[in-house]
Amino acid sequence: WRGWYHFDALESKYLNITPEDVREIGQALYGRDWKSPLADALDISRLTVQRWDNGQLKPNIGHIADMLALVAANNDRLSKIIGDTIKPSH
């Protein structure tokens with residue numbers, strides 16, 4: 001099954017995520033008070049997110065993938081807003 005190869009590649013790339021990376025993702029998605037909304041979006045406790053932020057824990061590959069999916073969805077929404085509001089002039 002080739003999925004293990006892709007999983008291993010993804011895991012080795014993203015398991016080096018730092019607390020700063022988690023914080024940057026959280027703030028980009030939810031602003032200054034990002035921990036509770038991120039925890040809610042990932043269906044985990046705020047304490048887990050707090051531990052990621054202070055370096056006590058690292059997110060597992062599933063949570064990392066979920067955070068990347070949230071970023072991608074947010075990016076798609078923002079692109080749509082920009083596309084809907086900024087029309088090129090001819």
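Note that the structure is predicted; figures quoted are calculated from it, not measured.
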Do [X] and [Y] have side-chain heavy atoms sitting under 4.5 Å apart?
X	Y	answer
L29	W34	no
W52	T18	no
T48	L42	no
I17	P59	yes

Distance in Å, [X] [atom1] paired with [Y] [atom2], rounded so as to fall on 0.5 Å steps:
X	Y	atom1	atom2	answer
Q27	L38	CD	CG	11.0 Å
K58	N16	NZ	CG	5.5 Å
N75	L68	CG	CG	12.0 Å
I44	D66	CD1	CG	9.0 Å
H63	L70	NE2	CG	11.0 Å
R51	S45	CZ	OG	7.0 Å

- Message: I need the minimum non-hydrogen distance between P19 and G55, along with the two atoms involved.
- Response: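 Here P19 and G55 meet closest at CG-CA, 3.7 Å.
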
- Item | Heavy-atom neighbours of Q50 CD exceed 12 at 6.0 Å |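 Yes.
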
- Is a donor on one side and an acceptor on the other found under 3.5 Å between the side chain of R23 and the backbone of D53?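 Pair found, side chain donor or acceptor close to backbone of D53.
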
- Query: Can you get from L47 to V49 by hopping between Ile, Leu, Val, Met, Phe, Trp and Tyr side chains that sit under 4.5 Å apart?
  - Reply: no

